[in-house]
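Input: a single structure, listed below in structure tokens.
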Amino acid sequence: MTKRISWILLLGLIGCGDKEQPPEEEPNPAAEARLKIPEPPIDSVPGADTVQAKGVRVSIRNNAITLSSYQLAVGDVDFTLSNTEDQQHILEIRWEDGARWRTIPVGKGGRVSLTATLNPGKYEVYCPVPGHKERGESTSFRAGPKPETDPLPIRIDTLLQHPPQPGPDPASRAP
């Protein structure tokens with residue numbers, strides 16, 4: 001019996017022998033950070049007569065900010081800025097009624113995301129790095145249903161000065 005146990009232990013030790021493993025590479029924190037932030041899903045929800053985005057890709061190139069959608073849904077919307085330029089950028093979003101959201105600075109090859117809870121209205125998106133907004137790194141978008149076009153305004157004072165005149169009575173015309 002002890003011979004069997006000895007053989008089993010010997011075979012177990014042989015099977016568990018040290019195999020040379022390649023050395024593990026040092027992790028690159030910047031690369032890991034980029035991998036952890038996925039591209040936003042570009043989901044959409046129906047709204048009025050337009051489709052409104054729930055995830056928005058933001059790019060800054062040649063002193064201009066571009067959004068993947070300019071008509072966004074109300075509620076939580078994910079914004080992802082991928083920086084391909086040599087300069088550092090920051091993404092800031094400002095609602096016309098006062099709320100603001102801002103990312104941390106992101107350098108070349110970096111990606112940063114933020115989630116903003118949007119209310120209906122107009123928003124400005126820009127880079128607050130000194131001098132960038134002045135060079136044109138600014139755009140705007142609207143959240144909520146697409147506004148209907150207003151009919152041409154009718155001025156009451158114009159109607160009072162020139163009231164509609166009744167036309168000739170068609171029955172009074174002689175053939």
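Source: prediction; values computed, not measured. Starting from 1, each residue takes its place in the sequence as its number.
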Just to verify, what does R135 make a salt bridge (Lys or Arg N to Asp or Glu O under 4.0 Å) with, not counting sequence neighbours? none

What closest approach, in Å, do S113 and T80 show between heavy atoms, and which atom pair accounts for it? OG-OG1, 2.9 Å

In terms of hydrophobic clusters joined by side-chain contacts under 4.5 Å, are W95 and I90 together? no

Side chain to side chain donor-acceptor pair (under 3.5 Å) filter on T66, not counting sequence neighbours, yields none

Search all heavy atoms of L81 against all heavy atoms of H89 and return the closest pair with its distance. CD2-CB, 4.3 Å

Decide whether V129 and I104 are clustered together by the hydrophobic rule: side chain heavy atoms of Ile, Leu, Val, Met, Phe, Trp, Tyr closer than 4.5 Å, transitively. no

Return the CD1 to CG distance between I60 and L91, rounded to the nearest 0.5 Å. 6.5 Å

CH2-CZ distance between W101 and F79, expressed to the nearest 0.5 angstrom: 8.0 Å

Without swapping roles, check the side chain of S138 against the backbone of Y126 for a donor-acceptor pair under 3.5 Å. no

R142 side, atom CZ; Y123 side, atom OH - distance, nearest 0.5 Å: 10.5 Å

Show your reasoning for whether salt bridge (Lys or Arg N to Asp or Glu O under 4.0 Å) applies to R102 and E92. CA-CA 4 Å; R102 181 184 273 196; E92 184 161 308; 2.4 Å; yes

Applying ring-ring contact (aromatic ring centres under 6.0 Å, His included) to F141 and Y70, what does each step give before you reach the verdict? CA-CA 5 Å; F141 66 88; Y70 290 87; 8.1 Å; no

Taking the side chain as C-beta and beyond, is there a heavy-atom pair between L67 and V125 under 4.5 Å? yes

Roughly how far apart are I93 CD1 and T139 OG1, rounded to 0.5 Å? 11.5 Å

Answer yes when K133 and E124 have at least one side-chain N-carboxylate O distance shorter than 4.0 Å, and no when they do not. yes

According to salt bridge (Lys or Arg N to Asp or Glu O under 4.0 Å), who are the partners of D86, at least two apart in sequence or on a separate chain? K108

OG-CD distance between S59 and E85, expressed to the nearest 0.5 angstrom: 9.0 Å

Testing L118, L114, T117 for side-chain contact (heavy atoms from CB on, under 4.5 Å) with V77, which one passes? L118

Is it the case that the side chain of S68 and the backbone of R57 share a donor-acceptor pair, with hydrogens and angles ignored and the cut-off at 3.5 Å? yes

Residue pair G121 / E96: nearest heavy atoms and the distance that separates them: CA-OE2, 3.4 Å

Test log, rule salt bridge (Lys or Arg N to Asp or Glu O under 4.0 Å), inputs R61 and E137: CA-CA 9 Å; R61 188 170 288 124; E137 293 179 12; over 6 Å; no

Checking side-chain hydrogen bond (donor to acceptor under 3.5 Å, both in side chains) for the pair D76/T115: CA distance, chi angles, key distance, verdict? CA-CA 6 Å; D76 291 345; T115 300; over 6 Å; no

Counting distance only, does the side-chain N/O of N83 pair as donor-acceptor with the main-chain N or O of V106 below 3.5 Å? yes

Is there side-chain contact between V56 and L72, with at least one heavy-atom pair below 4.5 Å? yes

Spacing of CG belonging to N62 relative to CD1 belonging to I65, to within rounding of 0.5 Å: 13.0 Å

